[in-house]
*Asks:* 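Can you keep this structure in mind? I'll have questions shortly.
We name chains A, B, ... by the order of the sequence lines, and we start the count at 1 in each one. Both backbone and side-chain heavy atoms feed into the values below; hydrogens, waters and symmetry mates do not.
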Amino acid sequence: MTSKNTDPFPIKQIRSDFPILSEKIYGKPLVYLDNGASTQKPIQVIKAISGVYENKYANVHRGVHYLSQVATDEMEAAREKVRGFINARSEREVIFVRGATEGINLVASSWGKANLTAGDEIILSQMEHHSNIVPWQLIANATGAIIKVIPIDDSGELEMDVFRSLLSEKTKMVAITHVSNALGTIVPLKQMIKESHDTGALVLVDGCQAAPHLQVDVQKLDADFYVFSGHKIYGPSGIGILYGKETLLEAMPPYQGGGDMIDTVSFSGSTWADLPFKFEAGTPNIADAIGMGNAIDYISTLGLPAIIEYENALLSYATEKLQAINSLKIVGNATEKAAIISFVMGDIHPHDIGTILDRQGVAVRTGHHCAQPVMERYDVPATARASFALYNTFEEIDSLAVSLAKVQEIFG
Amino acid sequence: MMAGELNDLYQDIILDHSKNPRNSGYLEGATHSARENNPLCGDRVSVYLTVQNAEITDLTFEARGCAISVASASMMGQMMKGKSVAEAQNLFKQFIALINGSDVAEGVELKDLQSLSGVKQFPTRVKCATLSWHALQHALESGGIESKTS
Ligand SMILES: Cc1ncc(COP(=O)(O)O)c(C=O)c1O
C-alpha cells in the first residue's frame, strides 16, 4: 500500500481498494455506515479468493498431489496470520469455524456438556448479541445450569458492582462481549477476566466488534476463549475463528464428527486428530479461510494503531455532528467506545429513519441489532446505528447529518 | 431535494395517521384478537375486534412500530368498522394487491388506504404496511381471543 498522500492516513488509497465504494445507490454515492453488520472487502481480498479457485484449489489435508499441498499450505499460512493477529501462543489454539456464532455454539456445547451440571452458573451481560445468549440458554436447558445477567447502566457501561456480586464459586463460565454491537461500549475485559479467574470461572469473549477496531491480544487479556468473524474484518463471510487455550481445547470432546477430525476410525471406537483439527470436521471453507488471512494482511499493512487513531477521530466528529441535531439522542455514551453510534430521534421510528437515509445513499442499520435485551433496557423498540470502518470519511459523516436533517424535514 | 418516491411514501395523510392513530388502544369486550410481530425489527401490533352477526362492529389496535405500520393499522381500522367479515376478507386481498403493485379489483374503494400504494417502491417496507392486516386476518380466522403467541 504505497501512497504519496501526505495525509497520515492514506484514505484515498484505501477507498480505491474497495470497489463497492464507488457504487451509486439511487444515483447517489454510497455512504456505507453499516460496518457493524458486515464490512466491505478490499480488492486484495477479492482477488485472493478468486486466485485460490483459479490456481491453488484442491481439498486440504487429504491429497499427496501438488494442489492439495498448495491449498493446505495456504490455509495453514492463513491460520498463522490469525494467530499473529490475536497473539495466540500456538496455531493449535486457532480453530476455523463458520463465524463467531458457530464458535460460541461450539464452546457452549462441547465445553458445556463436559463441564456443566445442575446449579452451575453462567454469567452473561445484558449487552450480548443474541448469538452469545441463545447457545448458553440451550446448554443451560440441557444441563440445569443457571444464567445470570450483568445489567447495563444508563451510559451503556456494565454494572461492575453487580458483576462482582454475581461471581461466586458456582460461576463456571463468564461469556461477554468485548465491544457492544448495539452501544459501542468497550468492556473492561482485562479486569473482568482477572476477577473471573480469581473465583475459578472461565471467560469466553465475543470479539466480533472488537477485532476490526481494537488491538486484540488474547494472552494479555488472558481470555480462555475468543471468537470473531471474518466478514467484520474486511474478509469473507462464512469463516471465523475460535481461539481457545490449548489445555482447555485438549480436554474438550469434539463438537462435530467427520472427516479430518479423526486420528483412527473403527467400529470399536475412534480417536481424535490433534488440535486444531479435532474441531474442524469435514471439508473446511478453504478459500475464505485463505481470504481471511489476506484481510488480516490488509489490516496489518495499515497498522491497527493508525486505524484506531483514524476511527477515533471519525467517532468524535460523528458524535459531535449528531449531538448537534435537535431531537437526536445517542444511546450508549460509555467513556470507552468503539466507532459505533446508536441513536433515536424523538418519536420517529428507526425504520423510517433508515428508509429516508437509504434514499440518500446512506446505509445504516435499523432495528434491534440482535440485542433485544439492550432495546428493553433503554425502553426503545429499535435504534438506528451508524457504525464506521477504516474507509469512511468525514465528508460521509456530513452526508449522514444532512440526510438526518431530511428525516426531520419529513417528520416535521 | 427530497426524492419523489420518499414523497410518495411519506404523504401527509400517512404522517397524520401515524402521529394521531385512530382507534388505538385496547378494546374491552373484544370477541377476536391476534398479535403479529416483525422479528426483523421488533415491531408488533395487536388487533382487537368485536364481531356480531358476521359484522365487524368495532376494531382497535395497539401498535409499536414505524410510521408506515401505524398509519396502515389506523386506516385499516377506519375502513373495517361496519364491514361484514366477507367484505373484510376481500379488502385484505385487495390491500395486499395494492401494496405489492398488483391490480386492485374493479369497484373496490380503498379510500385513504390508497395513499399506502407508495410502499410498493420500498420492498423492505412491505411487511410494515401489512403487519396489522395479517393480524386482522389471523384474528378473523382464529375466531377467538387467543393471542397468537410469538
Ligand atoms: C457482538 C456480536 N456478536 C456476534 C455476532 C454474530 O456474528 P456472526 O453472525 O458473524 O456469527 C455479531 C454480528 O452481528 C456481533 O456484532
Side-chain angles (χ1 to χ4, degrees), chain A residues 24-29 31 34 37 129-130 134 182 327 331 342 344-385 399 402-412, chain B residues 1-21 24 35-46 61-74 99 115-132 135 149-150:
Chain A
K24 295 269 189 290
I25 307 295
Y26 309 112
K28 309 240 166 69
V31 176
D34 192 18
H129 188 279
H130 296 166
V134 183
S327 86
V331 181
S342 246
V344 291
M345 291 174 81
D347 289 338
I348 307 172
H349 194 280
H351 254 186
D352 297 309
I353 299 174
T355 291
I356 296 168
L357 295 190
D358 178 48
R359 293 288 153 147
Q360 323 298 317
V362 180
V364 297
R365 174 90 183 265
T366 61
H368 54 57
H369 317 294
C370 298
Q372 284 180 349
V374 176
M375 301 299 114
E376 262 170 51
R377 166 65 178 79
Y378 292 96
D379 197 23
V380 291
T383 70
R385 179 186 72 185
S399 301
V402 168
S403 305
L404 287 171
K406 292 230 156 79
V407 174
Q408 285 189 312
E409 187 186 309
I410 289 173
F411 278 85
Chain B
M1 276 296 91
M2 200 167 98
E5 289 176 356
L6 276 179
N7 278 333
D8 290 348
L9 186 64
Y10 293 108
Q11 297 177 33
D12 288 342
I13 181 167
I14 291 175
L15 294 174
D16 177 50
H17 273 275
S18 78
K19 286 175 190 161
N20 311 296
S24 169
R35 186 165 88 157
E36 281 289 316
N37 282 321
N38 183 351
L40 216 62
C41 55
D43 285 359
R44 56 168 172 256
V45 60
S46 296
F61 71 94
E62 292 174 317
R64 190 184 76 174
C66 62
I68 304 304
S69 71
V70 174
S72 181
S74 171
I99 295 300
S115 65
L116 283 163
S117 69
V119 172
K120 63 173 178 278
Q121 300 166 77
F122 295 80
T124 58
R125 304 302 296 278
V126 164
K127 184 109 203 227
C128 308
T130 57
L131 198 63
S132 57
T149 46
S150 42

*Asks:* Residues of residues 63-71 of chain B under 4.5 Å from chain A (heavy atom pairs)?
*Replies:* B/R64, B/G65, B/C66, B/A67, B/I68
*Asks:* Counting only N and O atoms by type, is there a donor-acceptor contact under 3.5 Å from the side chain of B/S74 to the main-chain atoms of B/P21?
*Replies:* no
*Asks:* Using a cut-off of under 4.5 Å on heavy-atom pairs, state which of A/D352, A/I353, A/T366 scores highest against chain B.
*Replies:*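 Most heavy-atom pairs under 4.5 Å with chain B: A/D352.
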*Asks:* Check for a donor-acceptor pair, side chain of A/S342 on one end and backbone N or O of A/A182 on the other, with a separation under 3.5 Å.
*Replies:*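 Judged by distance alone, yes, a pair lies under 3.5 Å.
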*Asks:* For B/D43 and B/N37, what are the C-alpha separation, side-chain angles and deciding distance, and is it a side-chain contact (heavy atoms from CB on, under 4.5 Å)?
*Replies:* CA-CA 6 Å; B/D43 285 359; B/N37 282 321; over 6 Å; no
*Asks:* CZ/A/R365 to CZ/A/R385 distance, rounded to the nearest 0.5 angstrom?
*Replies:*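 A/R365 atom CZ to A/R385 atom CZ measures 5.5 Å (nearest 0.5 Å).
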*Asks:* Restricting to pairs with a member in residues 366-376 of chain A, which pass salt bridge (Lys or Arg N to Asp or Glu O under 4.0 Å), not counting sequence neighbours?
*Replies:* none
*Asks:* Taking A/G367, A/P381, A/A382, A/G412 one by one, which has the highest count of heavy-atom pairs under 4.5 Å against chain B?
*Replies:* A/P381
*Asks:* Can you tell me which portion of A/Y26 sits under 4.5 Å from chain B's heavy atoms? Options are side chain, backbone, both or neither.
*Replies:*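 No part of A/Y26 comes within 4.5 Å of chain B.
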*Asks:* Please answer whether the main-chain N or O of B/L15 pairs with a side-chain N or O of B/H17 as donor and acceptor at a distance below 3.5 Å.
*Replies:* no
*Asks:* After noting the C-alpha distance and the side-chain angles of B/Q121 and B/L9, does the key distance pass the side-chain contact (heavy atoms from CB on, under 4.5 Å) rule?
*Replies:* CA-CA 8 Å; B/Q121 300 166 77; B/L9 186 64; over 6 Å; no
